[in-house]
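To start, the structure itself, in structure tokens.
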Amino acid sequence: MAKKIVFTLAVTLSALLLCVCVFMPSLSVPLLPLVCALLAYASLRVGFWLFLPFAVGFCAVGLICFGFCEFTVAGAILLAALSVPMLFRRKLSPLAQTALCAAVGVFTVCAAFAVFALAMRQSVSDVIRGAYERLSRDPFLRFLSNRHYASLKAESGQVAYSPADSEYLSAALASYGEKVWRELDGTVLWYLSGFGAFAGGAGATGGLALSERVCGVSGVPVREWRLGKIYLLAAVLPALAFAFLAFYEPTVPVVIAVVNIMITLPTSLCGITLLYHTLTRPNGKAKIATVALFWLIIAVAALFYEWGMLVLGFLGLADCVLNVRKLLDWALE
């Protein structure tokens with residue numbers, strides 16, 4: 001009975017979150033990883049194909065209600081693509097499945113926006129800026145844009161339009177799009193690869209962790225996943241050596257993306273499992289509160305993406321070097 005209830009809740013919550021993403025595409029970044037986790041769990045129960053109807057429905061409703069939106073289309077493509085690693089889940093270990101989901105996420109997100117850029121004959125940064133400028137019906141983005149536009153007035157006192165002017169909203173969206181464009185300058189590959197890997201990898205991890213809670217553990221539990229010193233030799237040192245290419249200016253975006261994929265994202269996943277290991281130690285009613293706290297921390301990390309990944313990455317790197325969870329087990333015995 002518990003399996004059926006959790007499955008129904010996972011599917012229902014996924015549908016509700018995708019509805020939020022349809023009407024507020026700007027919230028796709030923090031919400032899609034959670035959708036991926038819920039659908040990963042549900043697909044473990046019924047099959048890999050479950051991703052496909054959600055992807056088609058998400059894209060179709062978005063196109064019908066708001067027309068073409070790069071964020072909605074890319075999100076739908078990501079959901080559909082994640083059905084592929086789930087198809088091979090019986091032939092892969094849970095950790096290998098998670099790595100494959102992360103790789104599929106990176107490729108899908110980067111490829112989708114590359115196709116948008118080629119079709120529109122623009123840079124990827126310009127595509128994203130244009131997407132923000134067209135989301136006038138997104139209430140959350142309107143809030144962010146109005147706040148940013150007001151801050152420009154507070155800083156310079158030279159904002160052209162007041163809220164009563166008909167051009168105010170478009171000007172506010174354009175100014176916010178310009179802000180996003182400046183932030184993406186030289187780091188767009190970092191952002192896209194990071195989001196793809198986080199949505200795929202963290203989604204698979206969350207689905208497996210939820211499955212363990214409901215159905216029991218098979219194999220190495222998620223809470224014990226960690227990267228050892230072999231990872232430091234096989235990935236971290238080569239990535240740091242590759243980073244020296246950043247002295248040649250044109251290679252900087254590629255270097256940032258490679259370091260992100262090989263160091264920041266794997267260590268962030270290790271940091272997530274370390275948190276999960278720590279917060280699921282209590283038993284009884286306290287465990288419910290600590291598991292809820294774990295998901296709250298992950299949601300905050302997704303919302304404040306850059307800082308969240310940085311903090312989780314440092315936690316994971318510390319665990320690679322020192323085996324922090326073993327020290328915690330010793331300290332709390």
Side-chain angles (χ1 to χ4, degrees), residues 1-62 64-66 69 71-83 85-86 89 94 97-98 101-102 105 109 138-140 195-196 198-216 222 272 275-276 279-280 285 287-305 308:
M1 179 62 72
K3 295 179 183 179
K4 293 181 179 179
I5 293 174
V6 176
F7 173 81
T8 303
L9 289 174
V11 170
T12 303
L13 185 56
S14 297
L16 291 175
L17 291 175
L18 287 178
C19 286
V20 174
C21 291
V22 165
F23 292 98
M24 290 183 280
S26 59
L27 288 178
S28 296
V29 172
L31 293 184
L32 277 180
L34 179 55
V35 173
C36 292
L38 293 171
L39 290 181
Y41 164 77
S43 68
L44 290 173
R45 308 273 68 79
V46 300
F48 75 97
W49 56 265
L50 188 64
F51 276 95
L52 300 177
F54 277 87
V56 173
F58 179 41
C59 188
V61 173
I64 292 171
C65 294
F66 290 96
C69 173
F71 301 142
T72 302
V73 174
I77 295 173
L78 173 64
L79 292 179
L82 287 176
S83 64
M86 299 306 296
R89 69 183 186 276
Q97 181 182 326
T98 299
C101 285
V109 173
D138 183 331
F140 185 68
F195 172 74
F198 186 73
T205 303
L208 290 166
L210 183 58
S211 180
E212 287 181 359
R213 285 289 153 196
V214 178
C215 308
V222 170
I272 289 173
L275 279 177
Y276 190 63
L279 294 176
T280 55
K285 294 181 179 179
K287 178 165 287 188
I288 298 175
T290 54
V291 170
L293 177 60
F294 168 77
W295 284 109
L296 178 62
I297 292 173
I298 297 304
V300 172
L303 183 60
F304 300 99
Y305 173 73

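All of these numbers come straight from a predicted model, not from anything done at the bench.
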Any chance you could measure [X], atom [atom1], to [Y], atom [atom2], to the nearest 0.5 Å?
X     : Y      : atom1 : atom2 : answer
Gln97 : Leu208 : CD    : CG    : 5.5 Å
Met86 : Leu39  : CE    : CG    : 9.5 Å
Leu16 : Cys21  : CG    : SG    : 11.0 Å
Cys65 : Phe23  : SG    : CZ    : 4.5 Å
Tyr41 : Leu9   : OH    : CG    : 9.5 Å

*asked:* List the residues meeting ring-ring contact (aromatic ring centres under 6.0 Å, His included) with Phe48, not counting sequence neighbours, and say none if there are none.
replied: none
*Would you mind reporting whether Cys36 and Leu79 have side-chain heavy atoms less than 4.5 Å apart?*
yes
*Side chains of Phe71 and Leu27: closer than 4.5 Å at any heavy-atom pair?*
no
Over all heavy atoms of both residues, which pair between [X] and [Y] is shortest? Give the atoms and the distance, please.
X      : Y      : value
Leu32  : Gly75  : CD1-CA, 3.8 Å
Gly200 : Cys101 : O-CB, 3.4 Å
Leu50  : Ala42  : CD2-CB, 3.2 Å

Going by side-chain contact (heavy atoms from CB on, under 4.5 Å), name the residues that satisfy it together with [X], two or more places apart in sequence or in a different chain.
X      : value
Ala40  : Phe51
Ala102 : Ala197
Leu13  : Leu17, Leu38
Ile77  : Val73, Thr108, Ala112

*Thr205 vs Tyr276, side-chain contact (heavy atoms from CB on, under 4.5 Å): CA-CA, chis, key distance, verdict*: CA-CA 11 Å; Thr205 303; Tyr276 190 63; over 6 Å; no
*Sequence neighbours left out, what pairs pass side chain to side chain donor-acceptor pair (under 3.5 Å) with at least one residue falling in residues 5-15?*
none
*List in chain and number order the residues that pass side chain to side chain donor-acceptor pair (under 3.5 Å) with Ser26, two or more places apart in sequence or in another chain; answer none if no residue qualifies.*
Asp138
Pairs under 3.5 angstrom only: tabulate donor-acceptor contacts from the side chains of residues 52-62 to other protein residues two or more places apart or in another chain.
none

*asked:* Under the criterion side-chain contact (heavy atoms from CB on, under 4.5 Å), I'd like the reasoning laid out for Phe198 against Ile272: C-alpha separation, chi angles, the key distance, then a yes or no.
replied: CA-CA 11 Å; Phe198 186 73; Ile272 289 173; 4.2 Å; yes
